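This is the structure, below, for whatever I ask next.
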Amino acid sequence: MSSSTVAMPPTHYLNNGLTLKSWLFTKDHKRIALLYLVAVTFFFMVGAAFAVAIRLELATPAGDLLSDENYNRVFTMHGVMMVFFFLIPAVPAILGNFLIPLQIGAKDLAFPKLNLLSFYIYFVGSLFTMYSIVSGGLDTGWTFYTPFSTVASTSAVVPAALGIFINGFSGILTGLNFIVTIHKMRAPGMTWFRLPLFVWAHYATSLIQVLGTPVLAITIVLVAAERIFGFGLFNPAVGGDPVLFQHLFWFYSHPAVYIMILPAMGIISELVAASARKQVFGYTFVAFASIGIAVIGFLVWGHHMFVSGESVYAALVFSVLSFIVAVPSAVKVFNWIATMYRGSVSWETPMFYVAGFIGLFAIGGLTGLFLASMGLDVHLTDTYFIVAHFHYVMVGGTIMGYLGGIHFWWPKITGRMYNDLLGRVSAVVIFVGFNLTFFPQFVVGYLGMPRRYHAYPEEFQVLNVLSSAGASVLAVGYLMPLFYLAYSLKYGEIAGDNPFGAVGLEWNTTSPPPTENFKTTPVVTWEAYEYPTPVEGHVV
Amino acid sequence: MADHSQHHIVPKSTYYLIFTALMLGTGLTWWIATIDLGAMNNVIMLSIAVTKATLVILFFMHVKYSPKLTGTVIIGAVFWLLIMLVMTMNDYFTRDWLHFG
Amino acid sequence: MSNAASVAHDEQQHHPRLAHHFESLEQQTDSSLFGMWIFLATEILFFGGALMAYMIYRRWYPDAFALASSHIAILPGAINTAVLIISSLTMALAVHAAQTGERGKILFFIVVTMILGAAFLGIKGYEYYEKYAEGFIPGLGLEFRFPEPEYAKNAQIFFSIYFVLTGLHALHMIVGLGLMTWMFIWVKDGVIDTQYYAPIEIVGLYWHFVDIVWIFLFPLLYLIGRHVHHG
Amino acid sequence: MRSGTPLFPEAASTIAPRVDALYLFLVGLTAFMTILIAALVVIFMIKYKRRDPNSIGARIHGGMALEIIWSIIPLFIVLGIFVWATGIFFDIARPPAETMNIYATGKQWMWKFQHLDGQREINELHVPVGRKVKMIMTSEDVIHDLYVPAFRVKADVIPGRYSHIWFEATKAGEYHLFCAEYCGTQHSGMIGKVVVMEPDDFQAWLSGGVQEGSLASAGSKLFQDLACNTCHRPDAQGRGPVLQNLFGKTVTLASGENVVVDEAYIRESILTPSQKVTAGFQPTMPTFQGLVSEEGILQLIEYVKSLKTDMPVSAVRPNTGGPAPNENTPAQAPPTRN
Ligand code: HEA
Ligand code: HEA
Ligand code: CUA
Ligand SMILES: [Cu+2]
């Protein structure tokens, strides 16, 4: 670890202008990343507050804490906030924004103004959605199924939908920016197959953003047209088909789950390599697995619709493709483990998050196979089994990866080190709390407890109480980093340029980096994750 | 990263030629619409539309003279659109196959 | 790490429009054109979603769709098609003028393109008014009066799609007019020169794309099924 | 329905054990893979723990053979699961030929069931053990979903359309019945129970309770009330086609298409008659949209299904087993609305 003798660089992006204006109108990708960090953390808190309300309500079988009406609003906003305003932007807009130019040796993203615009679009989108909370809430579920959302719901569907529509453009523009940057802005010698896997993962993610999000946008336009003008594309009363809505929605929203997981997988690749001080095993396979997941991920959306009235033959095609998309994920998991083999595995905080990620993602992913199994999904769909599945991949997977990444790059971002012991403790608390919260939900789901229920039969209570208890442990785990990371901002040790002894261009500049990232344009002459010759005395 | 898009200047005559083809295509489509060719009506009209679009893309939008990457982007986008159309239609076309089972 | 690469680039003519993070104007132009194409790819999928709705309902309700489509007058649509194609030509000529550095011509062609675009919107507005007068607005609380009542419901779906597609298209045209105003000012202020004309090219790409959308909308909305019901 | 804290749901249908078997297999697979992965991670973390702050890992790039092995093996495993699961799904999705039919209508926020014999129930469904039961379902407003965990079946109930599930109960008892598709405020209140009875008890239940006309007879009454009979007459003298023996047949439409007459087709004929005009007829039939409820439509369908000439043709029809209409219920009592 770094010694306290190193000093902060005299000038870096953080002290290059201290006025509020220099932050709010910055075009520096690193500062924009921090703007996102603040906003995204805020929306996580909002989403988490709703989660607290859900778990409190479900601690007892009767619907006693909230009215059914309010409960519906709460879980809807929980889903909307967590998916659209927290998890989808979390890794790309914060870490991707910060790191991609650094990792490929560029001075900035290709379109810095567009990057700032993306942030403000996100901000405006969130305002609309927040407005819908105060003006009557939203009670459609995050999936907006028609005709409920278009004809029956009396809640503020249009403002919320508009918020998500606007927010979508933020994602599109960020993705576009990344693609162009990765194609056109690489430093000399930074060939495609020398790119860090984090960059590959973001390339794949950006493809999904760019090709999927517009379909969500047009879907929202159609829903809004139906609500505002009374058009009837999804309304069976005039011959519209509500199932068409589901196709359009999931054409985006299934790939969107890979928008959420791929960047986290990219983080894990980086962290495994740095923790083991070793080249990622099967680099090319891991890189192409990302692209494979992104492409095949577009062919499976109908697995959300097995009981929706889609044709059984279409269901069959979607099912087999869903199974196939699991294979590249398996490849990644195995390669990460192989990377640890004969490594020099650090026991610092990031590695703890990596271990948590691998375990929880394995469970989450494998339970995805239960759902891709049509005969079984008939029983499982719309039960708590689904809720458990997606929290395992999204919370156990993505958030673990995200937090791991934040801990790993924190010294690069801020120039200071947090308390590593607290970091490891928080990882363990989150891991334990997480399993306690969501494992019982698999059981209660197979028992048949439907999701989006505000009251439930009594025999499910014990498992639900366990889940609520777990959520409070989880809350502690999530609040811990908030405090010690904030504390480190002022009191943390000075980290030095490369506290983890990792390779990668981002570690070849100061911490925090200067405004244009590098003093001179770097020229890359080494392979990805190439560690210098082995240090003698290392036993394997 | 030498690239031709900014250096290659398409002669004006090409533009006029393409323009004429587009206008003719429009007229042709209209005429086809008024005669009865059964199912072929739609096929022909859409083929003309696709041809017109291709002409615009290749010449007005300079893709013929642009890096391969540009073509890849277009083909990719159209391919993704086809994914959406084909896999959704697959549902709509086979919805009542169950009755024969 | 050598800095030979960056030194070499610094010697190049430093165009005032070259952004700090690019090595050369060429890289910058390349990047912005590539970015624009990716944006157009998203547009394809955006319109594609509505197009898919069209395809499905047309297959479900062929008669209602053919009938409804035959209630739309072809002439204004055809004129508009021609107007848009001409505007595409003038746009291409504007880019050509930018390449050869004929500033007067750029301005001229931009203005002509804008006039044509406005004409299109005018005709479209007139068509919308016609629909309103005939009672073909499928919403807004207006009464939907379809001459063949037994097809009214499904015709309503046709007109929903008609208004969504043409409405979004018109919205794109309006945005395009805004962009062209911007370009007009830039050309006038001398921002654009033979080195730096990518912005015009990009606006051109956008405008041609909008033209392509219409190339499909015209047969799909106005003509298909026409031979069955001569309206 | 049980009390206490069960960890595994009751299995009360013929399909349930098959679903459970697949489930347990997958649980085993998941447990095995997770333990394997977790063990490897932990072992490597301990065994290769960094002891010297300057040490680095061994230089290993990758291995083609390994990559292929760990891509192909999972691929075959998942394809195996796919085949297994799809087999079960097709049995769930395709009802057998001879079923006892019950109609279900979902509306915010209740379930209405109609037995062919005329019994109607709300939020409670009585079925016999050992009979293959098919639920023909539609919704009056938004999408709902009929779900009986003990039977391991569910299907979305969609407005404007018929969907179905089928099951054969194996154990008498009372089971949960849930609405599993989110449908608004009282979604979690749209629940009820399925009462599975021994066949004798079920017969007794059928004949007990309020005597109502059979569904078909209620439909017959509606057929008069709505004046369908002015056009549809058994003697081919009306303006509309003869409906006798229509169900299950293939008819040719004016557009040249052939369609099989099923529930959905009859429903369409009533609500949007001009959509599919029968060849040889003018599209003169008015729409009955708004004049007849979803339940009424179901009654009309059942009536049309029951229309036969005197010849014993009932056996040729697929999809419509169940107690033959008019068999054991007096058809006099007027239908009462719940
Ligand atoms: C980050 C988000 C994320 C990720 C990565 C995934 C990954 C997967 N998901 Fe998940 N899913 C969601 C988020 C996600 N999902 C959400 C939010 C929903 C519900 C939405 C809603 O209705 O509200 C959902 C719902 C959902 C359904 C619909 C269920 C229903 O509503 O009825 C299905 C069905 O097929 C499914 C399947 C899968 C599969 C097969 C994968 C695969 O990609 C998983 C691949 C991973 C692995 C397989 C594990 C790693 C591999 C190994 C450990 C090696 C061993 C492997 C083998 C032997 C094969 N998911
Ligand atoms: C990234 C996505 C994400 C994340 C992080 C979470 C996090 C959590 N979710 Fe979330 N959840 C979804 C996405 C997510 N969820 C989605 C998409 C749905 C579906 C919605 C729908 O059906 O439409 C859903 C639905 C859902 C349900 C099902 C509701 C239902 O169907 O009726 C439940 C029930 O337990 C639940 C619980 C939790 C819990 C306990 C957490 C925990 O991980 C949260 C941990 C955090 C804390 C416990 C709080 C920490 C405290 C603070 C940060 C301070 C602020 C607190 C206060 C001011 C009190 N979620
Ligand atoms: Cu009905 Cu949920
Ligand atoms: Cu999915």
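Predicted model only: the values in this text are computed from it and were never measured. Hydrogens, waters and symmetry mates are skipped; everything else that's a heavy atom, side chains included, is used. Letters A, B, ... are given to chains in the order of the sequence lines, protein chains preceding strands, and every chain is numbered from 1.
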Checklist entry - So Tyr222(C) and Tyr162(C), would you call those rings parallel, tilted or perpendicular, with 30° and 60° as cut-offs? => result perpendicular

Checklist entry - How far apart are the closest heavy atoms of Phe158(C) and Leu221(C), and which atoms are they? => result CZ-O, 3.5 Å

Checklist entry - Out of Phe59(B), Trp30(B), Tyr16(B), which one racks up the most heavy-atom pairs below 4.5 Å with chain C? => result Trp30(B)

Item to check | chain B contacts, top residue of Met91(C), His96(C), Met55(C) (heavy-atom pairs, under 4.5 Å) | outcome: His96(C)

Checklist entry - Where does Ser88(C) contact chain B at under 4.5 Å (heavy atoms): side chain, backbone, both or neither? => result both

Checklist outcome for this item: Closest non-hydrogen contact found for Pro76(C) with Tyr126(C) is CG-CE2, 4.5 Å

Checklist entry - Is the Lys NZ or Arg CZ of Arg95(B) less than 6.0 Å from the centre of Trp60(C)'s six-membered ring, within 45° of the axis? => result no

Next on the checklist: Just so I understand: if I count every heavy-atom pair under 4.5 Å between each of Ile18(B), Thr88(B), Leu46(B) and chain C, which residue has the most?
Outcome noted: Thr88(B)

Checklist entry - side-chain hydrogen bond (donor to acceptor under 3.5 Å, both in side chains): which pairs involve residues 67-85 of chain B, sequence neighbours left out? => result none

Item to check | Region of Val50(B) that comes under 4.5 Å of a non-hydrogen atom in chain C | outcome: both

Item to check | Part of Ile86(C) within contact of chain B (heavy atom distance under 4.5 Å) | outcome: both

Next on the checklist: Parallel, tilted or perpendicular, judged at 30° and 60°: which one describes the rings of Phe120(C) and Trp214(C)?
Outcome noted: perpendicular

Item to check | Residue part contacting chain B, namely of Ile212(C), when any heavy atom lies under 4.5 Å | outcome: side chain

Item to check | Contact winner vs chain C - Ile48(B), Val78(B), Leu22(B), heavy-atom pairs under 4.5 Å | outcome: Leu22(B)

Item to check | Engaged part of Val213(C) at the chain B interface, taking heavy atoms whose separation is under 4.5 Å | outcome: neither

